[in-house]
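Inspection log for the structure reproduced underneath, given as C-alpha cells.
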Amino acid sequence: MSSPKPPGSQVRARADDLRRQIDHHNYRYYVLDDPEISDAQYDRLMQSLRAIEAENPQLVTPDSPTQRIGVHPVGHLAEVVHLLPMLSLDNAFTEEDVIAFDRRVRERLETSEEIEYAAEPKLDGLAVSFLYESGHLVQAATRGDGMRGEDVTHSVRTIKAVPITLRPGAPARLEVRGEVFMPVQGFKDMNARALARGEKVFVNPRNAAAGSIRQLDPRLAASRPLDVFFYGIGQSEGWTPPARHSELLEQLRAFGLKVSPLVQRVRGVQGALAYYREVAALRAGLAYEIDGVVYKVDRCAQQRELGFVARAPRWAVAHKFPAHEENTVVRAVEFQVGRTGALTPVARLEPVFVGGVTVSNATLHNMDEVRRKDVRIGDTVVIRRAGDVIPEVVKVIIERRPSTAREVVLPARCPVCGSDVEREEGEVVARCSGGLYCAAQRKEALRHFAGRRALDIDGLGSKIIDQLVDKPLIEGAPVRSPADLFRLTAQQLASLDRMGEKSAANLVAALERSKSTTLARFLYALGIRDVGEATAAALANHFGSLEALQQATVEDIQEVPDVGPVVAAHVHTFLQQAHNRAVIEALRAQGVHWPVQAPRRHLGGEGPLAGRSFVLTGTLTSMSRDQAGARIVALGGKVSGSVSKKTSYVVAGAEPGSKLQKARELGVEVLDEAGFLALLDQ
DNA sequence: GATCCTCGAGTTCT
DNA sequence: CTCGAGGATC
C-alpha cells in the first residue's frame, strides 16, 4: 500500500471537494431535474477530477463519479439473494377489479372510511434492487424470481440517475427498489445507430433495458440511455422508516434517489380511479412507456395489518391499461395440420406491433370461429394479445372491407398430403383423413413422441424432425414411425443441417436415455386420440402392464376412472391395428422399457392429502410446478388444471394467472408458497 | 337431459 | 390461455 510520493493533503482535499460538487450537481440534475450549472461547467468539474485522479491513482475511490464504468467485463452474472423478497403485484384490469380491491382492503381493516392510497405510474422496465451500505452503492440485482436475482452492479453503476453515494442522512443500510427503464427517444436513437452499424435492434424499450442491464461489459451498458425511478424499500437498518408510503418516497428523494414526479396521494377508490384517468391521458406524451398505474395503501401500519398473500401484498394492486389493440390486414388464411389431422385456419397478417412484439400470425381456431367473426382475406381486423401473450383477432372492421375480400374456404383436400378432408357430424374441427400417410401428421406425431412430457428426447426439435421426415437419411428406410428414430446413427444425423458431430452424438445419447421410461409416458407418447397425460397415467395405473391393456376389451377399458365409451374405443382400436402393434413391438425391440408394476385399481383414500384436490398457478421458488404436483400426488392428493367449486386449494406462486381470480370468485382457499410447504410438511 | 367438472389439443413469440 | 367435448353426476 506504500506509494513513492504521497499526494499532498491539499490535493486530496481538492479531489474530495470536486466529488462533493459533482454529486451535488448530479442530484440537482437527475433527481430534482433542476440543474444549477450548465452542462459545460459540469464537464469541467469532471475533467478536473479526472486529471487529479490520473496523476494520483492512490486517490481514486471506488465511489468516485469517474468510476461509474468499471474497466473489466464480468465473466458471468452471479446469483444474489434478496434480503427481503421482491414481491409481485396483483393485477386489476377493470374499474370493477379496483373497486373489489378497495372493498377487500376496507373489509380486512374493518373500516368504512376512505383509504388513502399512494398512486404512481407503472413503468414498463425491469425491477432492480439496490443495496446501499453506509450510503454507498454496494450491490444491484435484478428481480429474478423474487427470491434471488442476478448481480448487475457493474452495469447499474453506469446509470447516471443511480447515485453511487447517497446524500447525508441516509440509513446505515438500505435496500431500495426501483424500476430501470429506457426512455422511448433514447431507445429509438440507439436502434437507429445499431441499424446503421448493421447490428441487431431491440424490439421494444423494455427488452432493450433488460438486455443492457444484463450486459457483461459495463462499457456497453454505459452507452445505453438507461434511467430509473425508485419506488420502495426492502430491508433497512439504522433509521426509523416513515409511517406513510408517500413520506417514504419523499425520504428517498432527500437521500438523492429519483422518484417519479407523477406520484400522488389519493383518497378512496374514486380518487384512485380519477388518478388512473389522469395518467392515461398523459400516457402518450410521456418520455417513457407505462403499462398502468399502481395503488398502494399509504399508511404503513395498515399495510402491515393487511399482510401478504401468495408473494403479493394485499395492500397494493397494479391497475393495467387495456391491452393494446392494433389494426392490420389479413393477407391470407392458411390451414395447418395438427397431430390428429385437425385443420386449423391461421391468419397471416401484415406484421403489426402490438403490446411490445411484432405479430404476424394469429390462430382462428376453426371454421366456426371464422364464420362467427366473419373474417375474410383482405379484411382489416383488430388484433389484441390475449392474456398478454397469444395474439387474437378481436373483430373485423366491416367498413374497411375491400370489394376484393375473399371468403375463407375450408379446403376439400389436405394442403399437405392431398387426402380428403372430413368433418364429422356435430364436430367443429375438420380433419385430414390421411393419417400417418400425411407428412404433417407424421411430423406432429414424432414431435409429440419426443416431447418433454412423453419420452423426453432432448435435442430432437422441430427443425430436425422436419428434415428427418422430408429427406430420407437412410436409403430405403426413412423415418416414418417413432421406432425408426432409434435406428439413427450419429453419422447419419451429423449430415443434417444445423447438426454437427457434437450435437449428433448428444442426440444419440438422448435417444438412448429416453429408452428408459414409464408405462404412462409411453402410452402418452403413442399419441392415441383423447389420451393425454392424465388418461395415460390412469390407464397405466389400472392395468399395470402394456400386455394387460392390449388384452383388455372395450368394456374392460371403460372400467378406468374418467374413461367412457368414446375414449375406450379409441384406445382399443389403436391397440388392435396391425401397424400400431408393429410400431410398439419395434420400439420394445429397440430397448424401450419401463418398470413393471402391479395394477392399482383403487387409488385415493391413502395418504395425508387423500381426497383433496389442488390447482397450481404462478411460479414457485423452491420447486417447479411439476415437482410440486409430484409431491401432492405422492401424498395422495390430486392435481387438476382448472379451478372449480370442488377444488380444495389453489396454490399461488409468483405472478399467478387467472386461476387465482377464479379461486376468489368461488371462495376456494388460496395458499401461498409458504402455506403450501407448511401443508406438505404436516 | 341438463349441468358441471376435467382433460385434451392447438397456439405466439422471444 | 382458451375452447371444445368427453365423462360424471344429479
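Values reported hereafter were calculated over all heavy atoms of this structure, with side chains retained and with hydrogens, waters and symmetry mates removed. In what follows, every chain begins at residue 1, and chains take the letters A, B, ... in the order their sequences are listed.
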Strictly below 4.0 Å, N to O, side chains only: are [X] and [Y] in salt-bridge contact?
{"X": "A/Asp379", "Y": "A/Lys395", "value": "no"}
{"X": "A/Glu289", "Y": "A/Arg206", "value": "no"}
{"X": "A/Lys122", "Y": "A/Asp124", "value": "no"}

Let's see if you can work this out: which of [options] has an atom nearest to the side-chain heavy atoms of [X]?
{"X": "A/Val566", "options": "C/dG6, B/dA9, B/dT12", "result": "C/dG6"}
{"X": "A/Val428", "options": "C/dG6, C/dG4, B/dG8", "result": "C/dG4"}
{"X": "A/Lys645", "options": "B/dT11, B/dC5, B/dC7", "result": "B/dC5"}
{"X": "A/Thr535", "options": "B/dG8, B/dC13, B/dG10", "result": "B/dG8"}
{"X": "A/Pro391", "options": "C/dG6, B/dT12, B/dT6", "result": "B/dT12"}
{"X": "A/Thr363", "options": "B/dT11, B/dC13, B/dG10", "result": "B/dT11"}
{"X": "A/Ser360", "options": "B/dC13, B/dC5, B/dG10", "result": "B/dC13"}
{"X": "A/Ala534", "options": "B/dC7, B/dG10, C/dG7", "result": "B/dC7"}
{"X": "A/Thr340", "options": "B/dT12, B/dA9, B/dC7", "result": "B/dA9"}

Can you tell me how far [atom2] of [N] sits from [atom1] of [X], to the nearest Å?
{"X": "A/Leu523", "N": "B/dG8", "atom1": "CG", "atom2": "P", "result": "12 Å"}
{"X": "A/His448", "N": "B/dA9", "atom1": "NE2", "atom2": "P", "result": "7 Å"}
{"X": "A/Ile557", "N": "C/dG7", "atom1": "CD1", "atom2": "P", "result": "12 Å"}
{"X": "A/His365", "N": "B/dG8", "atom1": "NE2", "atom2": "P", "result": "20 Å"}
{"X": "A/Met367", "N": "C/dG4", "atom1": "CE", "atom2": "P", "result": "14 Å"}
{"X": "A/Ile528", "N": "B/dA9", "atom1": "CD1", "atom2": "C1'", "result": "15 Å"}
{"X": "A/Asp530", "N": "B/dG10", "atom1": "CG", "atom2": "P", "result": "11 Å"}
{"X": "A/Gln441", "N": "B/dG10", "atom1": "CD", "atom2": "P", "result": "10 Å"}

Reckon [X] touches a base, only the sugar-phosphate, or nothing at all at heavy-atom distances under 4.0 Å?
{"X": "A/Gln336", "result": "sugar-phosphate"}
{"X": "A/Arg372", "result": "sugar-phosphate"}
{"X": "A/Val429", "result": "nothing"}

Is there a side-chain polar atom (N or O) of [X] under 4.0 Å from OP1 or OP2 of [N]?
{"X": "A/Arg339", "N": "B/dA9", "value": "yes"}
{"X": "A/Asn361", "N": "B/dT11", "value": "no"}
{"X": "A/Ser644", "N": "B/dT6", "value": "yes"}
{"X": "A/Ser640", "N": "B/dC7", "value": "yes"}

*Would you check if the distance from the ring center of A/Phe101 to the ring center of A/His319 is below 6.0 Å?*
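Distance test on ring centres: not under 6.0 Å, no.
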
*Atom OG1 of A/Thr344 and atom CZ of A/Arg431: how far apart are they, to the nearest 0.5 Å?*
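Output value for this atom pair is 9.0 Å.
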
*Does CZ belonging to A/Arg480 count more than 12 external heavy atoms closer than 6.0 Å?*
no

